[in-house]
2 protein chains.
Amino acid sequence: MPLEIPEVVIDRLPTYYRLLTNLQARGVAVVSSQELGEALNVTPAQIRKDLSYFGRFGKQGRGYSVQRLTDELRTILGLDQRWRMVLIGVGRLGTAIASYRGFEPQGFDIVGVYDVNPEAVGTELGGELVVRNVADLARDLADDPVDIGIVAVPAGEAQAVVDVLVAAGIGAILSYAPTAAQVPAGVEVRQIDPVLSLQGMTYHLRRRDA
Amino acid sequence: MPLEIPEVVIDRLPTYYRLLTNLQARGVAVVSSQELGEALNVTPAQIRKDLSYFGRFGKQGRGYSVQRLTDELRTILGLDQRWRMVLIGVGRLGTAIASYRGFEPQGFDIVGVYDVNPEAVGTELGGELVVRNVADLARDLADDPVDIGIVAVPAGEAQAVVDVLVAAGIGAILSYAPTAAQVPAGVEVRQIDPVLSLQGMTYHLRRRDA
DNA sequence: GGCGGCTTGCGAAAGTGTGCACAATCATAC
DNA sequence: GTATGATTGTGCACACTTTCGCAAGCCGCC
């Protein structure tokens with residue numbers, strides 16, 4: 001991979017991968033950029049261009065082997081290994097995240113959960129994980145590093161938690177907190193906030209009927 | 001608003017709005033694009049340009065009145081009214097969404113919940129809403145339209161639900177289902193899938209230490 | 001009441017990303 | 001073995017976004 005790959009391209013790859021695994025499960029053997037594009041609402045040219053950053057995976061006149069392309073994307077995205085995550089915050093939201101069944105099948109394991117609330121500390125979550133004190137987070141991470149931190153604490157505490165994770169050398173943070181986290185370059189952050197998504201849509205709704 | 005506003009701009013406005021309401025709560029009266037940019041990790045020029053699509057809200061030498069700018073953005077985004085939503089799917093995920101306390105304070109109300117599962121239909125959710133049969137969705141929406149649909153059903157059922165919502169004339173859909181929904185032009189769709197976010201980050205994690 | 005320091009709004013430049021269009025290539029059928 | 005129809009990979013042009021740079025304007029101080 002000699003040249004720099006645009007971030008937008010990276011962000012599209014997971015959706016390609018997701019569709020491909022579906023196709024594979026349905027027994028589809030070969031797929032064209034045309035078909036992929038129709039299913040994902042993007043132009044075939046974009047799909048071909050995106051994939052061409054990483055290699056030449058297709059065959060003219062045929063399309064892409066679903067098996068082959070799935071494997072390639074899995075390697076590119078780093079999904080051929082399991083990733084260890086810690087969850088900080090076990091309030092309503094954090095508890096829901098901890099019990100979400102969608103992470104594990106995709107190779108993401110929550111290996112530790114933390115909270116500040118003394119009443120929550122020590123309780124069991126999901127029958128396996130014991131909630132630890134967030135004060136121990138730095139030490140725990142030093143002893144036993146993880147790859148990704150999930151932040152599910154109130155806005156006011158989010159930056160402090162992020163700082164601890166960053167200091168521990170974490171490389172990626174998935175934040176459910178409604179604040180923009182400050183992190184040094186080299187640390188990946190994605191934010192999940194359904195309200196922001198809704199607010200982006202209401203702009204258009206307002207203009208629809210007017 | 002004579003000219004067309006880029007979609008990327010619209011998608012940034014909610015984060016501006018969120019920060020501004022925080023500032024307002026903290027009693028800050030005036031803020032510069034410089035300060036906003038530092039808090040949000042964007043360039044001051046971008047913030048000024050984004051806002052300039054909608055009007056001239058700042059004062060040279062001073063900055064922006066937090067009050068004024070908050071009000072302007074609220075109007076622009078359509079947040080000066082309440083929005084009615086229906087939730088389809090009350091499994092693990094749907095239940096968590098229904099009990100999420102973050103929607104109501106921002107003007108988003110879940111006014112109906114639906115499921116296919118006969119065992120779920122009729123039960124109470126969150127002490128207020130009774131789960132209705134998804135078979136009644138089309139009729140209910142015809143009688144009493146809502147603005148936004150939240151889809152929290154398994155991948156295989158998502159498109160069918162989306163079709164019903166679209167047929168009922170819904171303008172916006174927030175989908176938690178792991179599939180790309182097919183909708184006609186004019187219907188807004190946003191997808192929330194933490195796994196996609198994680199997969200976008202693992203690409204970078206892989207390259208970090210290598 | 002004028003001067004200095006800031007900060008906006010915006011035209012223009014620079015930088016990115018997307019889509020077109022077509023040569024190259026492959027599978028199949030006859 | 002050759003013709004046919006399909007589909008990839010990619011150079012190029014266009015379109016879109018971001019950033020720069022600066023004139024215009026505002027505030028406060030002396």
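Every value quoted in this text rests on a predicted model; they were computed, and no experiment measured them.
Separating the CZ atom of Arg68(B) from the P atom of dC26(D) is a distance of 13 Å, rounded to the nearest angstrom. Whole-Å rounding puts the Arg56(A) CZ to dG11(D) P distance at 10 Å. Rounded to whole Å, the distance from CG on Leu51(A) to P on dT10(D) is 11 Å. For Leu69(A) and dT8(D), the CG to P distance is 11 Å, given to the nearest whole Å. One atom, CD of Gln60(A), and another, P of dA27(C), lie 10 Å apart when rounded to the nearest Å. Atom CG in Asp50(A) sits about 14 Å away from atom C1' in dT16(C), given to the nearest Å. Note: CD1 (Ile10(A)) to P (dG17(C)) measures 11 Å, nearest angstrom. Protein atom CG of Leu40(B) is 14 Å distant from nucleotide atom P of dT18(D), rounded to whole Å.
Of the residues near DNA chain D, Arg12(B) and Ser52(A), the one whose nearest nucleotide (by heavy atom distance) lies more toward the 5' end is Ser52(A). Nearest-nucleotide positions on DNA chain C place Val9(A) closer to the 5' end than the other of Lys59(A) and Val9(A).
Distances from the side chain of Tyr64(B) to the nucleotides dG19(C), dA27(C), dG9(C) place dG9(C) closest.
Counting distance only, with no hydrogens placed and no angle test, the side-chain atoms of Lys49(B) and the base atoms of dG9(C) include no donor-acceptor pair under 3.5 Å.
Checking the phosphate oxygens (OP1, OP2) of dT8(C), a side-chain nitrogen or oxygen of Ser33(B) falls inside 4.0 Å. Put simply, Gln46(B) has a side-chain N or O that comes within less than 4.0 Å of OP1 or OP2 on dT18(D).
Looking at heavy-atom distances under 4.0 Å, Val8(B) makes contact with sugar-phosphate atoms alone, never a base. Contacts of Arg48(A) with the nucleic acid, taken as non-hydrogen atoms under 4.0 Å apart, include base atoms. Among the protein residues, Pro6(B) comes within range of the sugar-phosphate backbone only, with heavy atoms under 4.0 Å from sugar or phosphate atoms but none that close to a base.
Contact check on Glu188(A) versus Arg207(B) returns no salt bridge, with no Lys/Arg side-chain nitrogen under 4.0 Å from an Asp/Glu carboxylate oxygen.
With hydrogens and angles left out, the side-chain atoms of Asp136(A) and Tyr114(A) include no donor and acceptor closer than 3.5 Å. In the model, Arg74(B) has a side-chain atom that pairs as donor or acceptor with a side-chain atom of Tyr17(B) under 3.5 Å.
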| Hey, mind stepping through Gln67(A) and Gln24(A) against side chain to side chain donor-acceptor pair (under 3.5 Å) and telling me if it holds? | CA-CA 7 Å; Gln67(A) 170 77 58; Gln24(A) 199 167 27; 3.1 Å; yes
| request: Would you sort out whether Asp50(B) and Gln46(B) count as a side chain to side chain donor-acceptor pair (under 3.5 Å), showing the intermediate values? | output: CA-CA 6 Å; Asp50(B) 285 353; Gln46(B) 178 153 85; 5.1 Å; no
